[in-house]
Engineer: 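Here you go, one structure.
Numbers here simply count residues along the sequence, with the first being 1.
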Amino acid sequence: MAFMVMTQSKIAFKYEEYIKTGVEYLKKIESISSKKEFDNADKARVKMMCEVMIEEYKKLSPTVLTEASLMQEAKKIYMKFKKIYEELF
């Protein structure tokens, strides 16, 4: 049972880290997009952040015991990055 609790804690931590990173990246993207000029370097940064977040979401492995709120929040973050990626690239 202790192993299961430890495993669930690790999974929850991965979700929390994904959400935290996603929020940070979204702030950076917002900062970049508020500039008057959007150069190729900025576009590359945004593309890289989107690709990282899209790929990391695929690596998350939910279980029956994973909190639904964590999974929902992670999915919202994923959908935001997917939308940004589809609109820009």
Side-chain angles (χ1 to χ4, degrees):
M1 183 163 163
F3 179 74
M4 188 171 74
V5 171
M6 184 179 74
T7 302
Q8 279 306 121
S9 295
K10 287 180 182 180
I11 292 170
F13 180 74
K14 287 179 183 180
Y15 271 90
E16 288 172 352
E17 284 297 308
Y18 178 82
I19 292 165
K20 179 181 170 191
T21 303
V23 169
E24 289 175 14
Y25 282 0
L26 287 170
K27 286 180 184 176
K28 288 179 184 179
I29 290 171
E30 188 176 316
S31 166
I32 290 170
S33 66
S34 67
K35 293 180 182 179
K36 288 185 178 182
E37 294 183 27
F38 194 75
D39 62 13
N40 286 336
D42 290 331
K43 192 172 183 177
R45 274 190 216 85
V46 171
K47 183 177 182 182
M48 183 181 67
M49 286 185 262
C50 289
E51 289 174 346
V52 165
M53 293 305 293
I54 290 169
E55 289 303 313
E56 287 300 313
Y57 182 78
K58 293 175 184 177
K59 293 178 185 177
L60 294 175
S61 53
T63 65
V64 177
L65 300 174
T66 306
E67 282 186 47
S69 62
L70 284 176
M71 292 189 299
Q72 289 172 349
E73 187 64 28
K75 186 171 185 175
K76 277 195 240 179
I77 298 284
Y78 166 74
M79 295 306 290
K80 286 180 183 180
F81 280 99
K82 189 174 177 184
K83 183 178 179 184
I84 292 168
Y85 189 83
E86 288 171 354
E87 287 178 0
L88 295 178
F89 310 103

Engineer: With a 6.0 Å cut-off (strictly less than), is the heavy-atom count around NZ of Lys27, excluding the residue itself, greater than 12?
Structural biologist: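 No, NZ of Lys27 has 12 or fewer neighbouring heavy atoms, counting only those of other groups under 6.0 Å.
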Engineer: Mind checking what makes side-chain hydrogen bond (donor to acceptor under 3.5 Å, both in side chains) contact with Lys59, not counting sequence neighbours?
Structural biologist: Glu56
Engineer: To the nearest 0.5 Å, what is the distance between NZ (Lys75) and CG (Leu60)?
Structural biologist: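 The CG atom of Leu60 is 12.5 Å from NZ of Lys75, to the nearest 0.5 Å.
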Engineer: Applying ring-ring contact (aromatic ring centres under 6.0 Å, His included), which residue pairs with at least one partner in residues 8-41 are found, sequence neighbours left out?
Structural biologist: Tyr18-Tyr57
Engineer: Provide the closest heavy-atom pair for Pro62 versus Met71 in the form atom of the first, atom of the second, distance.
Structural biologist: CB-SD, 3.3 Å
Engineer: So which residues get pulled into Leu65's cluster when ILVMFWY side chains under 4.5 Å apart are joined, directly or through others?
Structural biologist: Met4
Engineer: Nearest 0.5 Å, what's the CD1-NZ distance between Ile19 and Lys14?
Structural biologist: 14.5 Å
Engineer: So, using side-chain hydrogen bond (donor to acceptor under 3.5 Å, both in side chains) as the criterion, who are the partners of Thr63 when residues are at least two apart?
Structural biologist: Gln8, Thr66
Engineer: So which pairs with a foot in residues 43-54 pass side-chain hydrogen bond (donor to acceptor under 3.5 Å, both in side chains), sequence neighbours left out?
Structural biologist: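 Matches after skipping sequence neighbours: Asp42-Arg45, Glu51-Tyr85.
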Engineer: So, using side chain to side chain contact (heavy atoms under 4.5 Å, CB included) as the criterion, who are the partners of Leu26 when residues are at least two apart?
Structural biologist: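 Per chain and number, Leu26 pairs via side chain to side chain contact (heavy atoms under 4.5 Å, CB included) with Ile77, Lys80, Phe81, Ile84.
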Engineer: Could you note down all residue pairs passing salt bridge (Lys or Arg N to Asp or Glu O under 4.0 Å) where residues 16-26 supplies at least one of them, sequence neighbours left out?
Structural biologist: none
Engineer: Which residues pass the side chain to side chain contact (heavy atoms under 4.5 Å, CB included) test with Asn40, not counting sequence neighbours?
Structural biologist: none
Engineer: Tell me the salt bridge (Lys or Arg N to Asp or Glu O under 4.0 Å) pairs involving residues 62-74, sequence neighbours left out?
Structural biologist: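 Of all non-adjacent pairs touching residues 62-74, those that pass salt bridge (Lys or Arg N to Asp or Glu O under 4.0 Å) are Glu73-Lys76.
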Engineer: Quick one: salt bridge (charged side-chain N to carboxylate O under 4.0 Å, His left out) partners of Lys58, sequence neighbours excluded?
Structural biologist: Glu55
Engineer: Checking Met49 against Met53 for the side-chain contact (heavy atoms from CB on, under 4.5 Å) test, could you report, in this order, the C-alpha distance in whole Å, the side-chain angles of both residues, the deciding distance, and whether it holds?
Structural biologist: CA-CA 6 Å; Met49 286 185 262; Met53 293 305 293; 5.6 Å; no
